[in-house]
Amino acid sequence: MKRLRLCPNIITFNTLITALVKYPSTHSLFLCNELFNDALKLGLCPTTITINILIKGYCLAYKYKDANQLLDRMSEFGCVPDNVSYNTILDGLCEKGRLNEVRDLLLDMKGKGLMPNRNTYNILVHGYCKIGWLKDAAQIVELMTQNNTLPDVWTYNMLIGGLCNEGRIDDAIRIRDEMVGLKLLPDVKTYNTLINGCLDNKRSSEAFDLLEEMNQKGIKCNEITYNTLIKGYCKEGKMDKAREVLQKMEESGLCPDCVSYNTLISAYCKAGNLPEVLRIMKRIGEKGLKMDNFSLNTLLHILCQERKLDEAYELLSVAPTRGYLVDAVSYGTLITGYFRCADTEKALKLWDEMEEREVIPTIVTYNIIIGGLCKSGKTQQAIAKLNELLEKGIVPDEITYNTIIHGYCWEGNIEKAFQFHNKMVENSFKPDVYTCNILLRGLSREGMLEKAIKLFNTWIDKGKTTDVVTYNTLITALCKDQRLDDALGLVAEMEEKNIQRDKYTHNAIVGALTDAGRLKEAEEFMTDRERPSEQRLQMDDREHELRVDELDSSSIAYSQQIDELCAEGRYKDAMLIYAQVTQRGIDLQKSTYFTLIKGLIKRRKSISKTG
DNA sequence: ATAGGGTTAG
């Protein structure tokens with residue numbers, strides 16, 4: 001256009017940057033900035049919409065600082081921020097759980113005379129639901145009603161999502177019924193949320209009932225419904241069923257997307273089925289889809305799992321040059337990997353690198369670093385990180401508190417563990433079954449069995465839930481203290497409560513019975529151990545798992561050939577050989593699969609090269 | 001041409 005001496009108007013420009021901003025990558029923001037400066041030079045006057053689009057771009061790339069700066073500089077360009085400008089940033093901050101900044105920005109907004117509208121309220125409801133503050137979410141709904149901004153389907157859907165996340169499916173369904181009474185009709189998103197909630201809480205038959213129900217009501221399934229079902233099957237290890245859903249999705253005229261494929265990739269990664277991972281990644285490319293952050297992070301995860309930390313770090317380093325957005329999940333994955341390999345130093349170094357790159361950590365990232373520090377015996381540094389996240393207005397979750405309590409117990413500081421526990425209960429901490437188990441274990445380890453039993457009884461009296469770990473912890477401690485009959489009493493209690501015993505229960509009891517010379521009982525207990533629920537969940541595709549000893553010589557030769565081609569950067573040729581190998585049904589060496597997979601990740605074209 | 005809900009990764 002410029003070459004033709006045509007001057008784009010502001011609408012053309014806005015359209016252009018909207019497209020760029022929609023798919024955030026390393027280059028798109030940079031390009032947007034360049035274009036923006038270019039537009040200014042051409043004498044174009046940006047409008048509030050222009051700036052709002054740019055703000056959205058920064059938010060999508062998690063650059064909230066830049067977004068805020070742009071907001072402050074709007075007057076320089078002769079425009080004023082509106083509700084959209086604020087809502088965009090508010091939503092981004094809610095997404096990351098940065099509640100302090102949310103509060104500050106809301107105040108700033110009101111100071112400018114802008115009143116929160118329905119979108120603003122819904123953003124806040126969403127933010128609270130995400131961190132499980134359902135009471136606060138309900139308060140916002142109350143506020144909406146007071147301000148004559150009645151909650152809509154969006155509001156209700158988010159409340160339903162919040163309840164599902166807390167496992168409160170029945171309450172969620174009740175709210176759904178409430179909607180119908182208010183003439184707010186549940187839509188496909190309501191159903192997707194509920195179906196997802198059921199599947200996550202092991203209530204899959206209800207999930208399928210809901211699916212049936214939405215069909216009857218004429219609400220059409222969409223990609224997300226199918227992706228949710230795929231995830232459900234993947235979680236149960238039913239890969240064949242997951243593939244069936246993918247098939248059905250295509251038959252119904254819907255296109256599997258990145259989410260569908262990433263879900264499968266992640267499941268196959270967990271099953272160690274690298275050939276399948278590679279096959280799907282290849283498929284993504286053939287379909288004209290691009291691998292995204294999720295694909296990248298999944299690969300980083302499996303590299304870390306295989307303890308290939310150097311390779312993972314290399315991938316993390318080159319990813320931005322390939323257009324991928326390296327984010328808090330990418331860093332969290334590697335930091336977890338380093339801690340697992342007991343390389344605390346590198347883990348901490350990576351945390352610093354993350355901060356230097358202005359990648360914003362979430363509560364999960366903080367939980368990782370806090371857990372790692374605790375495990376390395378640096379509980380004080382862990383506490384420092386806790387204070388740091390609190391200062392940022394990030395809300396800790398149960399995992400954060402449990403990790404620190406565990407840390408104190410780990411270093412044998414039971415007293416501090418309880419002090420911390422009590423102090424946090426005064427705040428917002430709701431101890432869960434993990435908390436109970438951690439404290440029981442800590443007390444037992446320090447030989448304070450009586451206190452453990454007391455804690456256990458109080459816990460039960462409060463009507464709190466227990467699990468097999470709770471019982472195992474006490475049973476093991478009782479056995480060690482030669483209180484075998486008390487331990488057997490707990491086994492009976494488990495039976496009553498329908499808590500299935502596992503190999504830990506078994507080992508403790510059989511060992512103690514044997515030591516006590518009660519061999520007959522030990523034998524009885526042993527024959528009793530094969531219970532249906534104890535049988536391991538089998539992946540459908542476990543037989544495909546690579547086994548080094550099954551590789552024949554041709555496989556090794558092919559693997560070598562492919563490795564060499566990849567080392568020369570000749571991925572295309574390597575993929576050709578790979579195609580031949582697959583046709584002949586030969587498996588490659590594990591590391592060769594990794595090499596090819598990394599090749600596919602690296603091949604992602606960046607926007608700057610195509611554009 | 002701009003803002004809010006449901007699916008995938010640590």
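For clarity, every value in this text was computed on a predicted model and none was experimentally measured.
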Applying a 4.0 Å non-hydrogen cut-off, can you work out what [X] is touching in the nucleic acid: base, sugar-phosphate, or nothing?
X: A:I123; answer: sugar-phosphate
X: A:D187; answer: base
X: A:D200; answer: nothing
X: A:N367; answer: nothing
X: A:S260; answer: nothing
X: A:V125; answer: nothing

Problem - Pair listing, salt bridge (Lys or Arg N to Asp or Glu O under 4.0 Å) test, anchored in residues 81-96 of chain A, at least two apart - result: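 Checked against salt bridge (Lys or Arg N to Asp or Glu O under 4.0 Å) - neighbours excluded - the pairs reaching residues 81-96 of chain A are A:E95-A:K130.
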Exercise for the section: Could you name each residue pair satisfying salt bridge (Lys or Arg N to Asp or Glu O under 4.0 Å) that touches residues 218-233 of chain A, not counting sequence neighbours? Expected result: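 Output for this query lists A:D200-A:K231.
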Over how many whole Å does the gap from [X] atom [atom1] to [N] atom [atom2] extend?
X: A:N119; N: B:dA3; atom1: CG; atom2: C1'; value: 6 Å
X: A:L316; N: B:dA9; atom1: CG; atom2: C1'; value: 14 Å
X: A:L303; N: B:dA9; atom1: CG; atom2: C1'; value: 13 Å
X: A:E95; N: B:dT7; atom1: CD; atom2: C1'; value: 14 Å
X: A:K290; N: B:dT8; atom1: NZ; atom2: P; value: 24 Å
X: A:I399; N: B:dG10; atom1: CD1; atom2: C1'; value: 11 Å
X: A:H301; N: B:dT8; atom1: NE2; atom2: P; value: 15 Å
X: A:N83; N: B:dT2; atom1: CG; atom2: C1'; value: 12 Å

Given [options], which nucleotide is nearest the side-chain atoms of [X]?
X: A:N52; options: B:dA9, B:dT2, B:dT7; result: B:dT2
X: A:N227; options: B:dA3, B:dT7, B:dT8; result: B:dT7
X: A:N262; options: B:dT8, B:dA1, B:dT7; result: B:dT8
X: A:T362; options: B:dA1, B:dT2, B:dG10; result: B:dG10
X: A:T228; options: B:dA9, B:dA3, B:dT7; result: B:dT7
X: A:T18; options: B:dA1, B:dT7, B:dA9; result: B:dA1
X: A:I224; options: B:dA3, B:dT7, B:dA1; result: B:dT7
X: A:N293; options: B:dG10, B:dA9, B:dA3; result: B:dA9

Practice task
Answer yes or no: does a side-chain N or O of A:K231 lie under 4.0 Å from OP1 or OP2 of B:dT8?
Solution key: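 So the side chain of A:K231 is within the cut-off, an N or O lying under 4.0 Å from OP1 or OP2 of B:dT8.
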Problem - A:N196 vs B:dT7: side-chain N/O to OP1/OP2 distance below 4.0 Å - result: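 Yes, within the criterion.
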Handout entry: Salt bridge present between A:E236 and A:K238 (N-O < 4.0 angstrom)
Key =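 Result for this pair is yes, salt bridge flagged.
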Practice task
Only one of A:T298, A:N293, A:D292, A:L296 passes side chain to side chain contact (heavy atoms under 4.5 Å, CB included) with A:N262; say which it is.
Solution key: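 Single side chain to side chain contact (heavy atoms under 4.5 Å, CB included) partner of A:N262 among A:T298, A:N293, A:D292, A:L296: A:D292.
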Exercise for the section: Can you establish whether the number of heavy atoms outside A:K65 located under 6.0 Å from its atom NZ is more than 12? Expected result: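 Counting neighbours around NZ of A:K65, 12 or fewer heavy atoms of other residues, nucleotides or ligands fall under 6.0 Å, so no.
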Problem - Donor/acceptor link under 3.5 angstrom from A:T336 side chain onto base of B:dG10 - result: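 Looking at the base of B:dG10, it does not pair with any donor or acceptor on the side chain of A:T336 (distance under 3.5 Å).
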Practice task
May I ask you to verify whether the side chain of A:N117 and the base of B:dA3 hold a donor-acceptor pair under 3.5 Å?
Solution key: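 Such a pair exists between side chain and base.
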Handout entry: Partner of A:R174 by salt bridge (Lys or Arg N to Asp or Glu O under 4.0 Å), out of A:D170, A:D177, A:D171
Key =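 Going through A:D170, A:D177, A:D171 one by one, the salt bridge (Lys or Arg N to Asp or Glu O under 4.0 Å) with A:R174 is satisfied by A:D171 alone.
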